[in-house]
Amino acid sequence: MAEPQIHFWAPPDLPGLAFDPLLARLLHEEPVARVKLPNGEGHAWLATRYDDVRFVSVDPRFSRQAVMGRQVTRLAPHFIPMDGAVGFADPPDHTRMRRVVASAFTARSMRRLHEHAQRVVDRLLDRMESRGGPLDLMAHLNRPFPLAMVCALMGVPDEDQSRMAHWSDTIISAARGREASEQAKAEMAAYFRDLIERRRAEPEEDLAGVLAAALENEVLDQDEAVGLAVLIQIGGAHAVRNNSANMVYALLTRPGHLARLRAEPELVPQAVEELLRYIPHRNAVGLSRIALEDVEVGGVLIPAGDPVYVSYLTANRDPEVFADPEQLDFDRTHNPHVAFGHGPHYCPGATLARMESEILLRSLWDRFPDLALAVPDEELVWERGALIRGPKELPVKW
């Protein structure tokens with residue numbers, strides 16, 4: 001049989017909520033395809049259908065740990081995972097680390113964070129109201145809100161939030177270069193190493209305290225504890241910032257959907273789930289896995305040693321699972337989306353991210369019922385080279 005074509009995939013910086021055309025084509029025409037990304041070496045397989053994505057995400061024959069030390073074809077120009085990074089661990093080590101993080105998301109802690117989230121949003125909206133529009137919603141709400149929340153979760157004091165923002169932006173931005181990214185990662189790791197040590201001496205009810213207890217009880221080693229702290233800090237601030245901004249943008253440019261939410265506020269949780277499914281919230285793909293043996297995926301044999309990517313974006317648009325997947329439908333009740341991933345590497349902060357999005361959407365339009373874009377849609381500037389897509393600025397008026 002002829003070797004399958006290798007698609008060179010340099011994901012474009014797409015505006016708004018536009019869907020990657022190659023991803024859309026592969027989903028419908030070649031659901032298990034070979035791709036080559038701009039950096040790294042060789043090619044990788046890409047699974048795009050919902051069932052195949054979930055299969056690869058949970059089957060232990062696909063390993064994240066085996067990626068370490070390999071220059072797998074990838075989007076980012078540099079590849080510098082931290083020692084002990086949970087994203088590159090396989091069970092049982094991954095299970096052990098995830099269990100520690102899960103203990104920070106108890107019902108009690110989530111109630112505390114919910115109350116704190118509402119206070120933070122109300123304070124930010126007060127400042128917006130006092131300042132008056134037009135203004136950049138990214139600067140005044142979508143950036144500071146999730147940053148404040150993940151810092152509260154971690155135990156990072158308010159005065160250190162600006163440092164966290166700088167380090168996170170540097171680490172995730174390919175444009176700033178490898179050296180700057182490595183330095184920022186080292187500085188953030190040193191910060192959390194110190195914070196966790198302080199929590200060992202003076203325990204607190206935050207994630208740094210949970211990590212300190214796990215370190216004290218020898219459930220985690222220091223590299224693992226610090227790696228978890230860095231991962232959650234970066235993801236919690238960056239992903240929710242852009243995802244929530246995409247949600248606001250989607251509603252501002254769809255007046256019918258916005259009117260529906262304002263008339264039926266009890267629909268907000270269901271609407272957030274649909275927005276999570278519908279919005280293509282990242283560029284390209286995340287981390288790859290390595291096939292530890294020959295495995296058949298969607299009728300295609302993946303040879304042992306080959307890297308495999310999955311696309312949660314296309315899985316969320318699979319017509320075999322979602323009726324009219326190209327439509328944003330707030331009446332969609334069967335919505336098993338994979339916006340937060342699937343399997344062992346499912347996002348540990350999904351509950352907090354959902355809460356933040358719901359509070360932000362409710363509170364924003366309660367305070368500013370006439371909120372609108374302050375510039376024409378086509379004049380908005382979108383992030384370039386970002387892992388998580390979103391507007392660079394979101395000018396609004398009311």
Side-chain angles (χ1 to χ4, degrees), residues 1-12 14 17-37 42-64 67 72-75 243 273-329 332-347 350 387-389:
M1 294 179 62
E3 284 284 306
Q5 176 186 359
I6 298 177
H7 303 272
F8 180 73
W9 185 24
L14 296 164
L17 307 182
F19 202 83
D20 188 304
L22 178 62
L23 279 181
R25 182 164 65 83
L26 292 180
L27 170 64
H28 295 286
E29 298 176 8
E30 195 179 348
V32 180
R34 294 203 302 179
V35 296
K36 180 173 177 56
L37 289 154
H43 72 270
W45 297 91
L46 173 64
T48 52
R49 286 190 305 204
Y50 185 88
D51 287 346
D52 296 337
V53 165
R54 284 166 56 100
F55 170 72
V56 172
S57 300
V58 299
D59 194 292
R61 292 173 293 178
F62 295 102
S63 168
R64 282 272 184 86
V67 176
V72 172
T73 185
R74 62 186 186 274
L75 184 63
N243 285 352
E273 293 305 310
E274 174 65 352
L275 288 162
L276 285 166
R277 181 201 70 83
Y278 176 80
I279 292 170
H281 62 279
R282 70 168 304 126
N283 278 327
V285 285
L287 301 176
S288 65
R289 295 166 173 82
I290 303 296
L292 299 180
E293 58 184 78
D294 292 356
V295 186
E296 186 174 301
V297 178
V300 175
L301 184 67
I302 308 294
D306 276 14
V308 183
Y309 284 101
V310 299
S311 172
Y312 295 119
L313 304 187
T314 52
N316 284 338
R317 299 288 184 101
D318 189 336
E320 295 296 318
V321 179
F322 304 98
D324 298 319
E326 308 305 320
Q327 299 301 313
L328 181 66
D329 181 6
R332 194 184 301 277
T333 53
H334 177 66
N335 192 358
H337 69 75
V338 287
F340 292 111
H342 181 68
H345 293 278
Y346 181 83
C347 173
L387 299 178
I388 307 295
R389 288 171 53 180

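The residues of the chain are indexed from 1 along the displayed sequence.
Proximity of V67 to P307: side-chain heavy atoms (C-beta onward) are nowhere separated by under 4.5 Å. Within the 4.5 Å cutoff, no side-chain heavy atoms of F62 are placed close to those of V310. Residues V297 and V56 form a side-chain contact, since some pair of their non-hydrogen atoms from C-beta on lies under 4.5 Å apart. With contacts defined as side-chain heavy-atom distances shorter than 4.5 Å, the pair V285/L37 qualifies. A heavy-atom distance below 4.5 Å is found between the side chains of D59 and R61. Under the 4.5 Å side-chain criterion, counting only non-hydrogen atoms from C-beta, V32 is in contact with I302. The side-chain heavy atoms of N316 and P325, taken from C-beta on, include no pair separated by under 4.5 Å. Contact of the H281 side chain with the L313 side chain is registered, since non-hydrogen atoms from C-beta on lie closer than 4.5 Å.
Judged as a side-chain contact (heavy atoms from CB on, under 4.5 Å), and not counting sequence neighbours, the contacts of I6 are R34, K36, H43. With sequence neighbours left out, H337 forms a ring pair (Phe, Tyr, Trp, His ring centres under 6.0 Å) with no residue at all. With sequence neighbours excluded, no residue forms a side chain to side chain donor-acceptor pair (under 3.5 Å) with R282. Considering only residues two or more places apart in sequence or on other chains, P12 meets the side-chain contact (heavy atoms from CB on, under 4.5 Å) condition with L14, D20.
Closest approach of L292 to P60, counting heavy atoms only: CD1-O, 3.8 Å. Of all heavy-atom pairs spanning S57 and P344, the tightest one is O-CD, 3.3 Å. The two residues H342 and R54 come nearest to each other via the heavy atoms CE1-NH1, 3.3 Å. Heavy-atom minimum distance, G42 versus T73: O-CB, 3.5 Å. The nearest pair of heavy atoms linking S311 to V53 is O-CG2, 3.5 Å. Of all heavy-atom pairs between T48 and E30, the closest is OG1-O, 4.5 Å.
Put simply, the side chain of D294 never gets that close to the backbone of P303: no donor and acceptor are under 3.5 Å apart.
Atom CG of L287 and atom CZ of R64 lie 4.5 Å apart (nearest 0.5 Å). Here the CG-OH distance, from N335 to Y278, works out to 13.5 Å after rounding to the nearest 0.5 Å. To the nearest 0.5 angstrom, W9 atom CH2 is 8.0 Å from L26 atom CG. Taking CZ from R25 and CG from L27, the interatomic distance works out to 12.0 Å, rounded to the nearest 0.5 Å. With rounding to the nearest 0.5 Å, the separation of CG in L46 from OG1 in T314 is 6.5 Å. Atom CD of E273 sits about 12.5 Å away from atom CZ of R332, to the nearest 0.5 Å.
Applying the ring-ring contact (aromatic ring centres under 6.0 Å, His included) test to pairs two or more places apart or on separate chains, those with a residue in residues 294-328 are Y50-F322. Screening residues 295-322 for salt bridge (charged side-chain N to carboxylate O under 4.0 Å, His left out) gives R317-E326 as the qualifying pairs, with residues at least two apart or on separate chains.
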Steps toward side-chain contact (heavy atoms from CB on, under 4.5 Å) verdict (N243, I279):
CA-CA 8 Å; N243 285 352; I279 292 170; 5.6 Å; no
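The pair R49-D51 does not count as a salt bridge, with every side-chain nitrogen at least 4.0 angstrom from each carboxylate oxygen.
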